[in-house]
Engineer: 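Okay, handing you the structure first.
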There are 2 protein chains.
Amino acid sequence: MTENTSHTRPYSGVIAHLKQAGLRPTRQRIALAKLLFEGENRHVTAEDLHAEARAAGVSVSLATIYNSLHQFTDAGIMREVVVEAGRSYFDTNTGDHHHFFHEDTGSLEDIPTELINVSALPAAPQGKSVQRVDVIVRVSADD
Amino acid sequence: MTENTSHTRPYSGVIAHLKQAGLRPTRQRIALAKLLFEGENRHVTAEDLHAEARAAGVSVSLATIYNSLHQFTDAGIMREVVVEAGRSYFDTNTGDHHHFFHEDTGSLEDIPTELINVSALPAAPQGKSVQRVDVIVRVSADD
DNA sequence: TCTCGTTTCTGGAATAATTCTAAACTATTG
DNA sequence: CAATAGTTTAGAATTATTCCAGAAACGAGA
Ligand SMILES: [Mn+2]
Ligand SMILES: [Mn+2]
Ligand SMILES: [Zn+2]
Ligand SMILES: [Zn+2]
């Protein structure tokens, strides 16, 4: 079992994690990776992560937050989720799953893929292939 | 049968359509409604509609395009679909359905609700209720 | 461990979509 | 035809994100 399922890894594996992703383990990427990958899976916006880094005493520019988030996404260790116009969420859970979007709080919650049965997908138009199927269940407080 | 299924209506029904939605039939709303509701269902961005209006010789400000699109949405005769960060699509099809999102062209295509079986939705967290379930199938040209 | 070419980081300017504002207009109603 | 409330608009403002170009950090070799 060489397979390490991202969030079960103790701490300090971040550097290896970054290298495996083909990214130099710089001071800022290490700090961000620790915040993101140690512990539970998370859904963050760039601003969220920026604030969190500051709070943790890590000095990183917002531009670097965006750069890192996109690099992590391109490297396949995060993914981008779009639920609201004008704001991007980045998800540390890269496995197959779906989301509850809490409209009140603007937060995302994972829905394990087994819990939703997306079947009988119409064939993708010819010459095209399906990149991903996103299911977003929008919930909010009862009336 | 008082029910008129939006796009089977001849033309000139727009005024009635707007009134039913509780919106004054102003010159610009009538023009936009004609572009939007006469003919097939459509998915447009604010800029799309603005360009189309100009092309049709209708002078409407971009602010009014946004206002109208939101008013139509609030009135329930359109709905907003979010598939890409930073751009909103407005859909004239308010019925239950899902979408193919063509990443290459940035266009949306309806998927009739019957074609996708979203079952066994996990219960919405207590005190919350499901507003909508969006399924987005992202497709793009084969590698 | 020093060196140097390459990558990364950064503050601030630039962009793009959308929203806001306040003044000018227009639909509606009596 | 008013009078009034609703609507439109140009342009400024806002928000999220990206771009830029110089400074700093990384790491493969010597
Ligand atoms: Mn992006
Ligand atoms: Mn909106
Ligand atoms: Zn998730
Ligand atoms: Zn649609």
Side-chain angles (χ1 to χ4, degrees), chain A residues 14-35 43-54 56-75 77-90 106 108, chain B residues 14-35 43-54 56-75 77-90 106 108:
Chain A
V14 261
I15 293 184
H17 199 195
L18 288 171
K19 282 184 176 162
Q20 277 170 26
L23 298 168
R24 283 193 186 174
T26 64
R27 193 195 92 236
Q28 15 294 83
R29 293 209 275 233
I30 292 169
L32 297 179
K34 281 188 180 168
L35 291 174
H43 304 95
V44 301
T45 64
E47 289 290 357
D48 286 345
L49 186 57
H50 193 215
E52 199 174 327
R54 311 228 121 168
V58 182
S59 160
V60 196
S61 75
L62 187 55
T64 295
I65 299 278
Y66 275 104
N67 288 341
S68 302
L69 250 12
H70 283 135
Q71 290 154 352
F72 293 172
T73 300
D74 293 345
I77 60 179
M78 288 193 88
R79 76 172 192 188
E80 197 174 350
V81 181
V82 180
V83 284
E84 281 188 306
R87 191 200 265 8
S88 261
Y89 288 78
F90 291 85
L108 285 168
Chain B
V14 262
I15 294 184
H17 199 195
L18 288 171
K19 282 185 176 161
Q20 277 170 28
L23 297 168
R24 284 191 185 176
T26 63
R27 193 194 93 237
Q28 15 296 76
R29 292 208 277 233
I30 292 169
L32 297 179
K34 280 186 180 169
L35 292 174
H43 304 95
V44 301
T45 64
E47 289 290 357
D48 287 345
L49 186 56
H50 194 214
E52 200 174 325
R54 312 228 120 167
V58 182
S59 159
V60 195
S61 75
L62 187 54
T64 295
I65 299 279
Y66 276 104
N67 287 341
S68 302
L69 250 13
H70 282 134
Q71 291 153 353
F72 293 172
T73 300
D74 293 344
I77 60 179
M78 288 193 89
R79 77 173 192 187
E80 196 173 351
V81 181
V82 179
V83 285
E84 281 188 307
R87 191 203 272 351
S88 262
Y89 288 78
F90 291 86
L108 286 168

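Note that the coordinates shown come from a computational prediction; the quantities given were computed from them, not determined experimentally. Below, chain A is the first sequence line, B the second, and so on; all start at residue 1.
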Engineer: Starting the side chain at C-beta, find the nucleotide from C/dT18, D/dC26, D/dT9 nearest to A/Arg24.
Structural biologist: D/dC26

Engineer: Please determine whether a side-chain nitrogen or oxygen atom of B/Thr26 lies at a distance below 4.0 Å from atom OP1 or OP2 of D/dG6.
Structural biologist: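 Answer is no, no contact under 4.0 Å.
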
Engineer: Starting at atom CG of A/Leu18, determine the distance to atom C1' of D/dG27, rounded to an integer number of angstrom.
Structural biologist: 15 Å

Engineer: Of the nucleotides C/dG11, D/dA16, C/dC9, which has the atom closest to the A/Arg29 side chain?
Structural biologist: C/dC9

Engineer: Let me know the distance between CZ of B/Arg54 and C1' of D/dT9, rounded to the nearest Å.
Structural biologist: 12 Å

Engineer: Classify the nucleic acid contact of B/Ser68 as base, sugar-phosphate or nothing, counting any heavy atom under 4.0 Å across all strands shown.
Structural biologist: nothing

Engineer: Provide the closest heavy-atom pair for A/His43 versus A/Asp48 in the form atom of the first, atom of the second, distance.
Structural biologist: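 In terms of heavy atoms, the two residues are closest at O-OD2, 4.4 Å.
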
Engineer: When you check the phosphate oxygens OP1 and OP2 of C/dT18, does a side-chain N or O of B/Tyr66 lie under 4.0 Å from one of them?
Structural biologist: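 Looking at the OP1 and OP2 atoms of C/dT18, one of them is under 4.0 Å from a side-chain N or O of B/Tyr66.
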
Engineer: Shortest non-hydrogen contact from B/Leu69 to B/Ala46?
Structural biologist: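 B/Leu69 and B/Ala46 have their closest heavy atoms at CD2-CA, 3.9 Å.
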
Engineer: Is there side-chain contact between B/His50 and B/Thr45, with at least one heavy-atom pair below 4.5 Å?
Structural biologist: no

Engineer: For A/Val58 and A/Ala31, work out which heavy atoms get closest and say how close.
Structural biologist: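 For A/Val58 and A/Ala31, the tightest heavy-atom pair comes out as CG1-CB, 3.6 Å.
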
Engineer: Write down the distance between CG (A/Leu49) and P (D/dA16), rounded to a whole number of angstrom.
Structural biologist: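 That distance rounds to 15 Å.
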
Engineer: Through what angle, rounded to 10 degrees, does the axis of the helix from C/dT1-D/dA30 to C/dG30-D/dC1 turn between its ends, using five pairs per end?
Structural biologist: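 Roughly 30°, once rounded to the nearest ten degrees.
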
Engineer: Choosing from D/dG27, D/dT9, C/dT18, which nucleotide comes nearest the side chain of A/Pro25?
Structural biologist: D/dG27

Engineer: A/Leu32 and A/Ala53: which non-hydrogen atoms are nearest, and at how many Å?
Structural biologist: CD2-CB, 4.3 Å

Engineer: Within less than 4.0 Å of OP1 or OP2 of C/dT19, is there a side-chain N or O belonging to B/His70?
Structural biologist: yes

Engineer: Is a donor on one side and an acceptor on the other found under 3.5 Å between the side chain of A/Arg29 and the backbone of A/Ser68?
Structural biologist: no

Engineer: Identify whether any heavy atom of A/Arg87 sits under 4.0 Å from a base atom; if not, whether one sits that close to sugar-phosphate; answer base, sugar-phosphate or nothing.
Structural biologist: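 Counting heavy atoms under 4.0 Å across all strands, the contact made by A/Arg87 is with sugar-phosphate only.
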
Engineer: Closest nucleotide of DNA chain D for B/Ile65 versus for A/Arg27: which of these residues is on the 5' side?
Structural biologist: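 Here B/Ile65 is the residue nearer the 5' end.
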
Engineer: Could you pick out which residue, B/Asn67 or A/Ala63, lies toward the 5' side of DNA chain C when each is mapped onto its nearest nucleotide?
Structural biologist: A/Ala63

Engineer: To the side chain of B/Val60, which of D/dT9, D/dT17, C/dT18 is closest?
Structural biologist: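 My answer, after comparing the listed nucleotides, is D/dT9.
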
Engineer: In whole Å, I'd like the distance from the CZ atom of A/Phe72 to the C1' atom of C/dT8.
Structural biologist: 12 Å

Engineer: Within a strict 4.5 Å, meaning less than it, do heavy atoms of the A/Phe72 and A/Leu23 side chains meet?
Structural biologist: yes

Engineer: To the nearest angstrom, how far is A/Leu32 atom CG from C/dC9 atom C1'?
Structural biologist: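 Answer to the nearest Å: 12 Å.
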
Engineer: To check you understand the geometry: which heavy-atom pair defines the closest contact between B/His17 and B/Ile77, and what is its length?
Structural biologist: NE2-CG2, 3.8 Å

Engineer: Expressed as a whole number of angstroms, how long is the span from B/Glu84:CD to D/dT17:C1'?
Structural biologist: 14 Å

Engineer: What's the CG-P distance between B/Asp74 and C/dT19, to the nearest Å?
Structural biologist: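 So the CG-P distance, B/Asp74 to C/dT19, works out to 11 Å.
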
Engineer: B/Gln71 CD to D/dT8 P: how many Å, rounded?
Structural biologist: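 Between P of D/dT8 and CD of B/Gln71: 6 Å.
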
Engineer: Is the distance from OP1 or OP2 of D/dT9 to the nearest side-chain N or O of B/Gln28 less than 4.0 Å?
Structural biologist: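 B/Gln28 to D/dT9 OP1/OP2: side-chain N or O found under 4.0 Å.
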
Engineer: Which of the following nucleotides, C/dT10, C/dT18, C/dA27, is nearest to the side chain of A/Thr64?
Structural biologist: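 The listed nucleotide nearest to A/Thr64's side chain is C/dT10.
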
